[in-house]
Amino acid sequence: MGIPTFGLGTFRLTGQTVVDSVRHALDLGYRAIDTAQIYGNEAEVGQAVAESGVSRDDLYLTTKIWVENHSRAKLATSLEESLAKLRTDRVDLTLIHWPAPGNGVPLAETLEALAAVKARGLTRAIGISNFNIALTREAIDVLGAGEIATNQIELSPYLQNRSLTAFLASQDITVTSYMTLAYGKVLADPVLTRIADRYQATVAQVALAWALQQGYAVIPSSTRRENLASNLLARDLHLGDDDMAAIAALERGGREVSPEGLAPVWDA
């Protein structure tokens with residue numbers, strides 16, 4: 001199975017909030033759920049999935065390995081703990097959450113440990129997150145061509161990452177866009193608002209459709225059922241070439257997340 005093009009993100013959602021979000025999403029037809037060890041909500045995601053009645057085989061679950069678990073000695077054990085919280089015997093995709101250069105663990109060691117958990121059947125696919133071009137090249141060298149399912153990166157109309165996305169396309173690595181709405185900042189953009197009005201759509205739908213039309217996967221989150229339902233409609237919205245060109249012109253290098261010690265040197 002390839003990367004689903006539309007999933008539910010759970011970043012910054014905890015407790016009953018994330019249980020409700022996942023429950024509503026599954027009820028509305030979402031079948032891909034994205035979480036991470038550092039989110040502190042894997043158990044709640046697992047609870048919501050278990051209570052949903054949706055077959056595990058119909059779901060695509062993604063989690064991400066946190067920095068403190070990068071070593072060969074810790075990675076597999078940490079993933080087993082994630083599986084226990086998620087109430088499943090495997091996830092569909094496991095990512096290295098941040099490259100964390102200089103954290104004392106060679107990237108090759110982390111990637112080899114990631115490949116080993118795939119070989120054990122604990123995850124069906126493996127990938128990376130927040131990797132620049134140079135680190136992605138290094139990952140390809142370690143894992144082999146075709147082994148990296150996705151690079152999950154911050155990407156929005158305000159941060160379009162053209163050099164990185166072009167490189168990923170050349171390597172047949174799917175781009176997964178997170179923060180496609182730039183923490184909500186794009187929702188008041190006049191260009192996007194005009195496009196949305198013309199299609200009788202929401203600005204969120206336009207931003208998500210823009211990403212989908214470029215072949216990216218998206219994982220928007222929401223705590224409101226009506227927004228979860230509305231976001232799904234982006235799959236049916238086709239933007240014209242003029243619309244795509246207008247959105248391309250919104251690039252401003254508007255990065256929202258770049259934690260010191262975790263992030264690489266970003267590509268220009």
Side-chain angles (χ1 to χ4, degrees), residues 1-9 11 25 28-34 60 62 93 95 125 127-131 133 136 148-222 226-257 266-268:
M1 179 190 292
I3 302 291
T5 57
F6 209 104
L8 176 74
F11 176 55
L28 290 165
Y30 286 75
R31 289 299 179 263
I33 310 293
D34 180 279
Y60 193 98
T62 298
L93 176 64
L95 307 178
I128 53 182
S129 183
N130 300 300
F131 276 46
I133 292 173
T136 303
I148 300 171
T150 191
N151 187 3
Q152 186 177 121
I153 57 174
E154 181 187 347
L155 189 146
S156 76
Y158 292 165
L159 181 71
Q160 300 187 23
N161 278 307
R162 291 192 180 97
S163 58
L164 177 56
T165 56
F167 172 74
L168 295 171
S170 76
Q171 301 298 312
D172 292 323
I173 296 173
T174 297
V175 172
T176 300
S177 163
Y178 73 82
M179 289 188 189
T180 315
L181 307 182
Y183 271 148
K185 291 181 180 178
V186 304
L187 297 180
D189 186 272
V191 172
L192 295 174
T193 299
R194 285 195 294 272
I195 294 171
D197 289 347
R198 195 160 63 251
Y199 287 97
Q200 295 185 304
T202 67
V203 173
Q205 287 166 1
V206 169
L208 293 168
W210 162 81
L212 291 169
Q213 258 174 253
Q214 295 178 87
Y216 308 152
V218 296
I219 47 171
S221 65
S222 180
E226 54 267 39
N227 289 345
L228 291 166
S230 176
N231 287 345
L232 272 182
L233 298 177
R235 298 177 299 179
D236 303 320
L237 175 60
H238 184 81
L239 303 175
D241 291 343
D242 289 348
D243 303 316
M244 295 296 285
I247 298 173
L250 296 178
E251 166 67 45
R252 60 176 69 170
R255 188 175 300 280
E256 301 292 333
V257 179
W266 300 112
D267 302 297

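Values below: every heavy atom of this structure, side chains too, minus hydrogens, waters and symmetry copies.
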Spell out, as yes or no, whether a donor-acceptor pair under 3.5 Å connects the side chain of [X] to the backbone of [Y].
X    : Y    : result
T176 : Q152 : no
Q160 : P157 : yes
S230 : N227 : no

Looking at [atom1] of [X] and [atom2] of [Y], how far apart are the two atoms once the value is rounded to the nearest 0.5 Å?
X    : Y    : atom1 : atom2 : result
I153 : S129 : CD1   : OG    : 9.0 Å
T150 : L168 : OG1   : CG    : 8.0 Å
I148 : I128 : CD1   : CD1   : 4.5 Å
L250 : S156 : CG    : OG    : 9.0 Å
L164 : I133 : CG    : CD1   : 5.5 Å
T165 : L155 : OG1   : CG    : 6.5 Å

If you take all heavy atoms of [X] and [Y], which pair is closest and at what distance?
X    : Y    : answer
A125 : Y60  : CB-OH, 4.4 Å
V206 : A201 : CG2-CB, 4.5 Å
T180 : A207 : CG2-O, 3.9 Å
N161 : E154 : ND2-O, 2.7 Å
L93  : A149 : CD1-CB, 4.0 Å
L28  : A229 : CD1-N, 3.7 Å

- More than 12 heavy atoms of other groups within 6.0 Å of E226 CD: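 Correct, the count exceeds 12.
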Atom pairs and distances, side-chain donor-acceptor, residues 210-220, under 3.5 Å, sequence neighbours left out:
| from | atom 1 | to | atom 2 | distance (Å) |
| --- | --- | --- | --- | --- |
| Q213 | OE1 | L239 | N | 2.6 |
| Q213 | NE2 | L239 | O | 3.0 |
| Q214 | NE2 | W210 | O | 3.2 |

- Flag for D34-Y178: side-chain donor and acceptor within less than 3.5 Å: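 Their side chains do not contain a donor-acceptor pair, so the 3.5 Å distance test is not met.
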Does the side chain of [Y] come within less than 4.5 Å of [X]'s, by heavy atoms?
X    : Y    : answer
D267 : F167 : no
Y158 : E256 : no
L95  : T62  : yes

- Please identify each residue that fulfils salt bridge (Lys or Arg N to Asp or Glu O under 4.0 Å) with R235, with sequence neighbours left out.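 Checked R235 against salt bridge (Lys or Arg N to Asp or Glu O under 4.0 Å); zero matches.
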- Query: By ring-ring contact (aromatic ring centres under 6.0 Å, His included), which residues pair with Y30, not counting sequence neighbours?
  - Reply: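 Here the qualifying residues are F6.
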- Query: Is there a side-chain contact (heavy atoms from CB on, under 4.5 Å) between V257 and M179 once you walk through the steps?
  - Reply: CA-CA 9 Å; V257 179; M179 289 188 189; 3.1 Å; yes
